[in-house]
Amino acid sequence: MRVTALVILNSAASSSSSPEAADPVVLANATDVSRFGYFQRFAAREFILFVARTVANRTPAGQRQSVQHEEYKVHSYNRHDLCALAFMDDHYPVRSAFALLNQILDEYQKAFGESWRGVKVDATQPWPYLTEALTKFQDPAEVDKLFKIQRDLDETKIILHKTIENLLDRGVKLDDLVEKSSDLSAASQMFYKQAKKTNQCCTML
Amino acid sequence: MSTRAGQASYRDRTQEFLKVVENCKKSSSTVDGPSSSTAPYLEGPKSAASIQSEFSRRASQIGLGIHQTSQKLSKLAKLAKRTSVFDDPTIEIQELTSVIKKDITALNSAVVDLQLLCSLQNESGNLSRDTTNHSTTVVDNLKNRLMSTTKEFKEVLTMRTENLKVHESRRQLFSSSASKEAANPFLRQRPLVSKGSNESSAPPAPWENGSTSSSPLFPRRKSNGDPSSTQPLIPQQQQQQQQQEMVPLQDSYMQSRAEALQSVESTIHELSNIFTQLATMVSQQGELAIRIDENMDDTLANVEGAQGQLLKYLNSISSNRWLMIKIFFVLMFFLMIFLFFVA
């Protein structure tokens with residue numbers, strides 16, 4: 001379950017105007033291309049940006065979209081022309097992906113307010129939050145609380161199942177002990193009776 | 001005059017009759033003016049006769065109308081039965097349906113008028129009991145026939161809607177993309193069309209009780225909605241397709257969140273079940289532990305008692321003087337016997 005890239009774009013220009021108008025403008029970008037070889041990294045980054053622009057172009061305002069592209073799933077969320085995209089593999093749960101996009105958009109708006117609307121050229125400086133988000137949110141549990149809760153609950157359920165098995169074993173052992181202790185008490189009673197009999201019966205030898 | 005013809009086996013009242021006819025002619029020629037006291041009386045039977053003829057004329061008209069309507073209805077039934085998926089004579093069926101509906105409403109109003117006339121006639125004129133019976137019977141008969149015709153109409157409409165449903169489902173089987181649009185426009189079109197057909201389908205049969213009148217309204221409205229909604233459906237399909245691709249995605253996101261929440265809730269329920277089971281089992285096993293404890297206490301008591309007895313025995317064995325004396329006596333006894341026998 002990997003997140004390969006997170007991209008934020010401004011897709012204001014692309015929605016209703018003529019098709020040859022500006023493509024969505026990249027505002028922030030974080031990519032993890034460590035899987036590719038050294039010489040392919042640049043190409044991979046360009047490829048990711050291109051696909052991001054295309055998908056953001058086609059996502060209408062206020063909508064979420066998931067597109068399958070080769071082995072990546074691209075999830076995009078367009079909220080008031082600020083579009084966030086995430087490139088991830090098929091195993092990443094879709095819901096967590098959109099929760100992640102929501103969070104990124106909130107952070108971006110908190111950090112930059114509305115200044116991004118005027119940006120017409122691709123932003124070049126990396127945004128540190130995005131890069132650390134990329135590393136932090138490789139695991140969907142971090143971003144999606146529901147996922148984390150579900151996972152914890154499942155673990156708890158497993159632990160409880162084991163506990164119940166142990167309890168059943170304990171029950172079996174206790175049954176065993178009950179049997180043995182009742183046998184022991186019967187034997188001791190016989191012993192006492194015998195002792196009483198030898199003491200009382202023949203005082204005369 | 002009756003006395004004169006008393007000897008004959010019959011009574012010849014021709015003269016009376018001729019006089020009455022003359023009087024009637026006179027009274028019918030005098031339209032206005034204060035007529036004599038006999039005139040209203042004579043006008044009574046004359047107007048009764050005219051009312052009666054009026055009544056029977058109207059009744060015959062209504063009967064003819066009902067007959068024609070039922071013929072049209074049988075034609076409609078045949079059309080509705082033979083309809084197939086592609087060769088749907090929708091227009092004809094619609095036309096025929098509207099025509100029959102108009103006929104039925106007209107006949108209905110005519111029968112109501114006839115009933116009014118009949119009641120008016122019954123309370124105004126001093127007619128014989130037979131005439132009143134006859135007129136009420138005729139009115140009831142017409143009412144019944146109209147009711148049965150309306151019921152048949154209703155059945156034909158329900159059959160038509162069922163056929164349409166079957167066609168829809170068959171269409172859905174073969175074209176999966178049309179499934180989503182079929183559901184929504186169906187629901188979307190119905191309130192629009194029902195408003196239009198509301199007025200025409202309002203008075204189908206006022207004398208029918210409320211339950212049966214609501215059901216002819218509903219399939220009628222639905223059947224009017226179906227044929228008209230299938231035609232504007234197609235140009236709207238493309239518009240709605242895009243919207244509905246987006247809408248299911250949004251919905252699926254929300255739905256997946258809702259599902260996740262529900263699964264969390266169910267997991268928590270299961271956990272609570274497991275915990276209660278755990279508590280039950282632990283309490284049961286606590287009981288077992290108590291039993292074991294009691295058994296061990298019993299054993300301890302028994303063993304201690306036995307030990308005490310043995311100690312007592314030991315004491316009695318080891319320190320009993322009388323026992324020693326008894327042993328000496330026994331030895332002496334044996335010695336004596338031994339010495340006795342040997343010596």
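Side chains included, hydrogens not; waters and symmetry mates left out as well; all remaining heavy atoms used. Treat the numbers as computed from the prediction; the structure is a model and nothing was measured. Labels below follow one simple rule: chain letters A, B, ... track the order of the sequence lines, proteins then strands, and each chain is numbered from 1.
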(request) Step by step, work out the side chain to side chain contact (heavy atoms under 4.5 Å, CB included) result for A:T163 and B:F275. (result) CA-CA 10 Å; A:T163 310; B:F275 270 115; over 6 Å; no

(request) Could you please spell out the steps behind the side chain to side chain contact (heavy atoms under 4.5 Å, CB included) verdict for A:L168 and B:M281? (result) CA-CA 8 Å; A:L168 285 171; B:M281 280 164 67; 3.3 Å; yes

(request) Could you walk me through whether A:H161 and B:I274 pass side chain to side chain contact (heavy atoms under 4.5 Å, CB included), step by step? (result) CA-CA 8 Å; A:H161 280 312; B:I274 292 177; 3.9 Å; yes

(request) Decide side chain to side chain contact (heavy atoms under 4.5 Å, CB included) for B:M254 and A:R64; before the verdict, give the C-alpha distance in whole Å, the side-chain angles of both, and the deciding distance to 0.1 Å. (result) CA-CA 11 Å; B:M254 297 301 167; A:R64 299 180 168 88; 4.0 Å; yes

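Residue B:Q277 holds its CD atom at 5.5 Å from CD1 of A:I164, rounded to the nearest 0.5 Å. For the atom pair CG (A:L184) and CG (B:N302), the distance works out to 9.5 Å, reported to the nearest 0.5 Å. B:E259 CD to A:L146 CG: the interatomic distance, rounded to the nearest 0.5 Å, is 12.0 Å. Remark: A:I149 CD1 to B:I268 CD1 distance equals 7.5 Å, nearest 0.5 Å. In this structure, CG on B:L288 lies 14.0 Å from NZ on A:K173, to the nearest 0.5 angstrom. Separation of atoms CD1 (B:I292) and CG (A:D175) is listed at 8.0 Å; rounding is to 0.5 Å.
The minimum heavy-atom distance linking A:A195 with B:A306 is given by the pair CB-O, 3.7 Å. The minimum heavy-atom distance linking A:Q150 with B:S263 is given by the pair OE1-OG, 3.2 Å. For A:R95 against B:Y253, the heavy-atom pair with the smallest separation is O-CE1, 3.9 Å.
Take A:K110 and apply the salt bridge (Lys or Arg N to Asp or Glu O under 4.0 Å) test, not counting sequence neighbours, and it matches A:E107. A search for salt bridge (Lys or Arg N to Asp or Glu O under 4.0 Å) contacts involving A:R170 returns nothing, not counting sequence neighbours. Residues forming a side chain to side chain donor-acceptor pair (under 3.5 Å) with B:N295 (at least two apart in sequence, or on another chain): A:S181.
Other residues, nucleotides and ligands contribute over 12 non-hydrogen atoms within 6.0 Å of the CD atom of A:Q109. No more than 12 heavy-atom neighbours from other residues, nucleotides or ligands sit within 6.0 angstrom of CD on A:E179. Enclosure of atom CD in B:E287 is not indicated, since only 12 or fewer non-hydrogen atoms of other residues, nucleotides or ligands lie within 6.0 angstrom. By the 6.0 Å contact criterion, CZ on B:R291 is open, its count of non-hydrogen atoms from other residues, nucleotides or ligands being 12 or less.
Ranked by heavy-atom pairs under 4.5 Å with chain A, the first of B:L314, B:D298, B:V264 is B:V264. The candidate with the highest count of non-hydrogen atom pairs below 4.5 Å against chain A, out of B:L278, B:V303, B:L310, is B:L278.
Within residues 332-339 of chain B, no residue has any heavy atom less than 4.5 Å from a heavy atom of chain A.
Proximity to chain A (any heavy atom under 4.5 Å) is shown, for B:E304, by neither the backbone nor the side chain. Using a 4.5 Å cut-off between heavy atoms, B:E294 makes no contact with chain A at all.
Put simply, the side chain of B:T299 gets close to the backbone of A:S185: a donor and an acceptor are under 3.5 Å apart.
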